[in-house]
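First up is the structure itself, then whatever we jot down about it.
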Amino acid sequence: MPELPEVETISRGLANAIAGKTIGTVDVLMTKIAVAPAGVHFAKTLRGERVAGVGRRAKYIVVELASGRRLTVHLRMTGRVIVQPPGTAQAHPYTHILLTFTDGWRLCFADVRQFGRMRLIEAGAAWDAEGGVEPLSEAFTSETFVSMLDGRRSAIKAFLLNQKWISGIGNIYACEALWEAGIRPARPANRISKPARRRLHGALQDVLLRSIDARGTSVDDYVDADGLKGGFQNELSVYGRLGEPCRRCGKPIVRTVLGQRGTWWCRGCQK
Ligand SMILES: [Zn+2]
């Protein structure tokens with residue numbers, strides 16, 4: 001599933017590709033993918049809207065419309081957005097929603113497994129109230145993170161994956177940041193020392209920023225809005241490296257299961 005760096009990369013690509021364009025026609029080929037508030041017609045409402053910009057919140061791509069409405073996109077497991085130039089004969093395979101802009105460019109939302117959603121949000125409506133702090137925002141200071149862990153007895157890795165606290169971190173970056181900080185994934189959050197919490201805060205921001213620089217991690221079928229794979233899979237320290245030597249201490253990387261998720265880590269240097 002795409003995590004923060006992948007969604008950020010896709011959002012930036014989309015911003016370059018569609019900002020300023022006006023939506024001409026909207027084809028909804030699978031109704032469950034297109035979500036709108038009760039009484040609001042998804043396709044009719046989008047018609048004529050101009051794209052003011054594209055951003056990201058948590059794991060959502062957020063298309064900002066000139067009217068103040070938003071179109072949020074969650075890719076879930078296999079969702080993809082593909083931008084096609086004018087004259088492209090066929091929509092991408094598995095396209096469920098097709099936006100055609102007045103200049104002939106198209107945006108396809110395709111999803112083999114159909115878990116992804118495009119959601120129309122009315123101007124001013126709250127939609128992300130459940131989401132936690134953005135880990136690359138100014139609000140996420142080292143001291144904020146240190147105090148967030150007070151009283152949290154769950155395993156630190158489960159804490160990092162809980163979107164209620166911090167947004168956008170999934171399995172890959174939780175594993176990588178814990179390795180970078182030298183912290184055992186099953187360690188109860190409140191039992192981590194303050195210096196180690198600060199190390200983990202730095203490690204989280206570091207792995208996310210390095211991955212964004214590399215245009216994300218392509219371990220499954222992730223590609224960005226231009227159809228390009230990311231490069232961070234070549235820089236992973238633990239994720240998917242079962243049995244390979246730890247880059248820090250040389251011991252083999254192990255895989256355990258924590259909260260039903262595969263967890264890669266080093267018994268030698270994560271305490
Ligand atoms: Zn190690």
Side-chain angles (χ1 to χ4, degrees), residues 2 4-128 168 212 215-216 221-230:
L4 187 154
E6 292 77 43
V7 179
E8 179 71 27
T9 302
I10 294 168
S11 301
R12 290 180 185 184
L14 269 188
N16 287 329
I18 66 168
K21 293 188 188 301
T22 299
I23 299 169
T25 57
V26 179
D27 297 296
V28 176
L29 307 169
M30 184 172 287
T31 51
K32 73 173 181 184
I33 308 280
V35 182
V40 176
H41 194 282
F42 184 90
K44 277 186 199 157
T45 307
L46 284 175
R47 219 175 290 152
E49 279 275 15
R50 191 173 62 79
V51 176
V54 183
R56 178 195 59 76
R57 164 72 180 129
K59 297 181 191 175
Y60 292 86
I61 300 162
V62 184
V63 180
E64 307 277 357
L65 301 168
S67 66
R69 294 190 180 99
R70 296 184 181 95
L71 189 60
T72 67
V73 184
H74 201 301
L75 301 169
R76 301 295 292 275
M77 308 294 286
T78 54
R80 278 191 61 186
V81 287
I82 302 107
V83 178
Q84 296 182 321
T88 309
Q90 297 258 319
H92 194 271
Y94 302 103
T95 289
H96 304 309
I97 299 176
L98 183 62
L99 306 185
T100 305
F101 298 99
T102 51
D103 63 1
W105 283 76
R106 296 199 295 207
L107 177 68
C108 307
F109 180 86
D111 192 348
V112 175
R113 294 182 63 184
Q114 306 169 7
F115 291 127
R117 292 291 180 269
M118 264 188 162
R119 183 181 299 267
L120 178 65
I121 312 288
E122 287 289 31
W127 63 277
D128 64 348
I212 291 171
R215 305 175 59 78
D221 45 9
Y222 159 73
V223 290
D224 67 17
D226 300 315
L228 301 172
K229 282 184 178 288

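- The stretch residues 78-94 participates, sequence neighbours left out, in no salt bridge (Lys or Arg N to Asp or Glu O under 4.0 Å) pair at all.
- For the pair His96 (side chain) and Gln114 (backbone), a donor-acceptor distance under 3.5 Å is absent.
- Annotation for Ala225 and Gly13: closest pair CB-C, 4.3 Å, computed over non-hydrogen atoms.
- Proximity of Phe42 to Ile97: side-chain heavy atoms (C-beta onward) are separated by under 4.5 Å at one or more points.
- Between Val7 and Tyr222 there is no side-chain heavy-atom pair separated by less than 4.5 Å.
- When side chains are defined from C-beta on, Leu4 counts as touching Ile212, because their heavy atoms get closer than 4.5 Å.
- Between Leu107 and Leu14 there is a side-chain heavy-atom pair separated by less than 4.5 Å.
- With a 4.5 Å cut-off on side-chain heavy atoms, Arg215 and Lys229 do not count as touching.
- Shown here are the side chain to side chain donor-acceptor pair (under 3.5 Å) partners of Thr72, two or more places apart in sequence or in another chain: there are none.
- In terms of the ring-ring contact (aromatic ring centres under 6.0 Å, His included) criterion, residue partners of His74 (sequence neighbours excluded) are, by chain and number, Tyr60.
- In terms of modelled atom types and a separation under 3.5 Å, the side chain of Ser11 and the main chain of Gly55 share a donor-acceptor contact.
- The main-chain N or O of Asp226 is found under 3.5 Å from a side-chain atom of Asp224 such that the two form a donor-acceptor pair.
- Closest non-hydrogen pair, Asp103 versus Pro86, comes out as O-CG, 3.6 Å.
- Distance CD1/Ile23 to CG/Leu71: 7.0 Å, rounded to 0.5 Å.
- Ala43 and Val28 make their closest contact through CB-CG2, 4.5 Å (heavy atoms, listed as atom of the first residue, atom of the second, distance).
- For the pair Leu75 and Ile61, the minimum side-chain heavy-atom distance is below 4.5 Å.
- Of all heavy-atom pairs spanning Cys108 and Gln84, the tightest one is SG-OE1, 3.4 Å.
- Listed by chain and residue number, Met1, Arg113, Phe115 satisfy the side chain to side chain contact (heavy atoms under 4.5 Å, CB included) test with Met77 (two or more places apart in sequence, or in another chain).
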Quick one, Val26 with Leu99, criterion side-chain contact (heavy atoms from CB on, under 4.5 Å). Give me CA distance, side-chain angles, the key distance, then yes/no. CA-CA 5 Å; Val26 179; Leu99 306 185; 3.7 Å; yes

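- You'll find the side chain of Trp105 reaches within 4.5 Å of the side chain of Val83, heavy atoms only.
- For residues 55-78, the set of pairs meeting the salt bridge (Lys or Arg N to Asp or Glu O under 4.0 Å) definition, not counting sequence neighbours, comprises Glu8-Arg56, Glu49-Arg69, Arg56-Glu134, Arg57-Asp128, Arg57-Glu134, Glu64-Arg70, Arg69-Glu122.
- Nearest heavy atom pair, residue Ala52 against residue Ala19, reads O-CB, 4.5 Å.
- Every residue meeting the side chain to side chain contact (heavy atoms under 4.5 Å, CB included) condition with Thr100, not counting sequence neighbours, appears here in chain and number order: Thr25, Leu98, Arg106.
- A heavy-atom distance below 4.5 Å is not found between the side chains of Phe109 and Thr95.
- Atom NZ of Lys44 has 12 or fewer neighbouring heavy atoms from other residues, nucleotides or ligands inside a 6.0 Å radius.
- Taking CD1 of Ile82 as the reference point, atom CD1 of Ile10 lies at 10.0 Å (rounded to 0.5 Å).
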